[in-house]
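Report on the structure given below.
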Amino acid sequence: MSISEHEHEGLLTIDLGAVVDNYSWLRQHLVNGGRCAGVVKADAYGLGVGEVAPALYRAGCRDFFVATLAEGEQLRNLLPAEVTIYLLTGVRPGSEQRCAAANLVPVLVTIEQLRQWCALTASSGLAAPCALKVDTGMTRLGMGGDEFAQLLQMPELLAGANLQLILSHLACADEPDHPQNPAQLAVFNEFVSGLRRICPGVQASFANSSGICLGEAYHFDLVRPGSALYGINPLPGRKNPMRPVVSLRVPVLQQREITRDSAVGYGAAGHAAAGSWLAVVRGGYADGILRTQSGRGRGMAVAGDEKIAVPMLGRVSMDTCVFDISALSEDQRHRLEVIELLGDDWTVDDMATAAGTIGYEILTSLGRRYCRRYL
Ligand SMILES: *Cc1c(COP(=O)(O)O)cnc(C)c1O
């Protein structure tokens with residue numbers, strides 16, 4: 001296998017077919033006509049919203065969540081006008097007109113925000129569409145119980161508000177047995193029924209990727225998966241039902257035999273015994289190969305059709321890192337041109353575990369220097 005010039009800084013392959021399959025898998029788990037959104041914030045978790053969002057649209061996705069106004073405006077230009085785009089971090093004072101002009105639905109978290117949104121976007125009596133996020137136990141963004149109770153005492157405000165969706169977020173969805181899941185569910189059910197007494201048509205949304213796997217009671221009208229679309233396991237500790245989406249192969253810059261015991265890399269933190277073989281690859285922490293996996297990382301040495309697991313050695317540098325390829329035969333070493341840092345054999349979740357983090361951070365850290373190829 002020979003690498004072409006534009007792949008000299010590494011080849012990041014993103015399998016849009018796998019994204020679509022993962023979307024379909026999640027949607028199949030919904031009953032009673034529940035809808036499945038696509039969460040494409042942070043450039044579709046670093047994988048490229050310009051490619052991922054149209055693929056999801058073709059798969060039937062009509063509801064999208066992004067984080068920021070700029071992300072919303074970008075997505076609005078990418079997709080047909082019929083899609084609904086929600087802004088998870090709401091709208092900042094002064095940006096309401098811009099938000100409404102792009103037909104973006106802000107997720108509001110205070111009565112004051114709701115009032116402002118209604119006042120500034122009302123035309124012929126009805127304000128522009130918005131969503132409301134309530135806090136059911138995550139204690140991050142969201143309207144708390146007391147303020148929500150006050151809001152329910154304001155039927156005139158709610159009547160003028162074009163409230164499309166009430167949502168909340170689970171804190172422990174990736175731990176199916178955590179008691180906080182049913183506790184948050186009970187609170188959310190109470191909030192939803194309270195609001196529906198005043199706004200009967202409002203839809204509800206609760207589950208992220210892992211939340212979908214908690215079962216039907218968590219699905220409501222619209223689910224909001226992100227990570228699972230991109231191949232991250234929504235069931236940590238169990239077999240991953242999702243297809244892997246990302247593969248990352250980086251070129252070997254140098255391989256050599258170590259003739260005497262040597263310290264490897266910064267801080268002399270790695271150790272190579274005499275007679276071992278090392279490969280230095282083009283990929284470091286500036287490319288999202290997190291430095292915290294130093295000494296614990298792994299890769300798959302690609303020798304023709306064969307793949308051999310090889311350990312990372314020493315600290316990850318900015319542009320490079322080192323692998324111990326002593327496990328390869330001489331013949332395999334001759335054929336070695338790239339090391340696979342992410343793929344079917346060493347997944348995003350595996351790298352995350354080695355780096356002491358979660359797959360989300362691995363994906364959103366993937367650097368801009370790779371050649372990107374979409375399948
Ligand atoms: C990011 C996010 C999601 C998607 O979560 P995943 O765990 O990636 O499926 C859903 N809802 C909210 C509010 C989010 O911020």
Side-chain angles (χ1 to χ4, degrees), residues 19 22-23 25-27 29-30 34-47 49 52-53 56 61 63-69 71-72 75 84-91 104-109 130-143 164-176 178 180-181 184-185 187-188 191 203-215 218-237 240-246 347-349 352 357-366:
V19 174
N22 290 338
Y23 178 77
W25 188 90
L26 292 164
R27 197 166 56 178
H29 283 72
L30 307 179
R35 300 194 324 280
C36 187
V39 179
V40 296
K41 61 193 179 189
D43 196 28
Y45 290 43
L47 300 186
V49 70
V52 168
L56 288 171
C61 184
D63 299 271
F64 292 83
F65 286 84
V66 295
T68 69
L69 179 55
E71 289 175 359
L75 187 60
T84 305
I85 301 173
Y86 297 93
L87 298 186
L88 282 168
T89 60
V91 60
L104 305 172
V105 183
V107 174
L108 307 175
V109 293
C130 63
L132 179 71
K133 189 168 183 189
V134 288
D135 176 30
T136 53
M138 170 95 176
T139 322
R140 198 181 55 178
L141 272 180
M143 187 177 288
Q164 305 275 310
L165 188 72
I166 175 172
L167 65 147
S168 191
H169 196 48
L170 286 155
C172 308
D174 57 348
E175 296 174 57
H178 201 293
Q180 183 152 333
N181 294 319
Q184 283 195 245
L185 178 62
V187 175
F188 190 57
F191 284 6
Q203 303 249 291
S205 174
F206 195 37
N208 65 340
S209 298
S210 295
I212 295 169
C213 302
L214 293 176
Y218 289 80
H219 294 173
F220 293 87
D221 303 300
L222 180 72
V223 295
R224 309 186 305 270
S227 58
L229 297 174
Y230 311 118
I232 291 173
N233 190 356
L235 306 162
N240 190 353
M242 314 319 298
R243 282 187 60 196
V245 168
V246 171
T347 64
V348 172
D349 290 306
T357 184
I358 52 175
Y360 301 63
E361 193 178 16
I362 299 294
L363 289 185
T364 54
S365 301
L366 287 170

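Note that ligands are numbered from 1 as they come in the structure, with each ligand's atoms numbered from 1 the same way. Values below: all heavy atoms of this structure, side chains included; hydrogens, waters and symmetry mates excluded.
Heavy atoms of Pro225 found under 4.0 angstrom from ligand 1 belong exclusively to the backbone. Only side-chain heavy atoms of Leu88 come within less than 4.0 Å of ligand 1; its backbone N, CA, C and O stay farther off.
No heavy atom of Tyr230 sits closer than 4.0 Å to any atom of ligand 1. A heavy-atom separation below 4.0 Å is found between Tyr45 and ligand 1. The shortest heavy-atom distance from Ala228 to ligand 1 is not under 4.0 Å.
The shortest side-chain heavy-atom distance between Gln203 and Leu222 does not fall under the 4.5 Å cut-off. At least one side-chain heavy atom of Leu366 sits under 4.5 Å from a side-chain heavy atom of Leu47. Put simply, the side chain of Pro234 does not reach to within 4.5 Å of the side chain of Ile212, judged on heavy atoms. A 4.5 Å side-chain heavy-atom check between Tyr218 and Val223 finds every atom pair outside the cut-off. When side chains are defined from C-beta on, Leu87 counts as touching Val66, because their heavy atoms get closer than 4.5 Å. Looking only at side-chain heavy atoms (C-beta outward), Tyr230 and Val52 come within less than 4.5 Å of each other. A heavy-atom distance below 4.5 Å is found between the side chains of Val91 and Leu108.
Looking at ligand 1, you'll find an N or O of Gly226 within less than 3.5 Å of one of its N or O atoms.
Of the protein's non-hydrogen atoms, Tyr360 OH, 2.6 Å is the one closest to atom 7 (O) of ligand 1. Among protein heavy atoms, the minimum distance from atom 9 (O) of ligand 1 is reached at Ser209 OG, 2.5 Å. Regarding atom 5 (O) of ligand 1, its nearest protein heavy-atom neighbour is Asn208 CB, 3.4 Å.
Looking at His169, Lys41, Arg224 and measuring to atom 1 (C) of ligand 1, the nearest heavy atom belongs to Lys41.
Atoms of ligand 1 lying under 4.0 Å from at least one heavy atom of Ser227, given by number and element, are 6 (P), 7 (O), 8 (O), 9 (O). Applying the 4.0 Å criterion to heavy atoms of Lys133 picks out, from ligand 1, the atoms 13 (C).
Using a 30° and 60° split on the angle between ring planes, Phe206 and Phe220 fall in the perpendicular class, above 60°.
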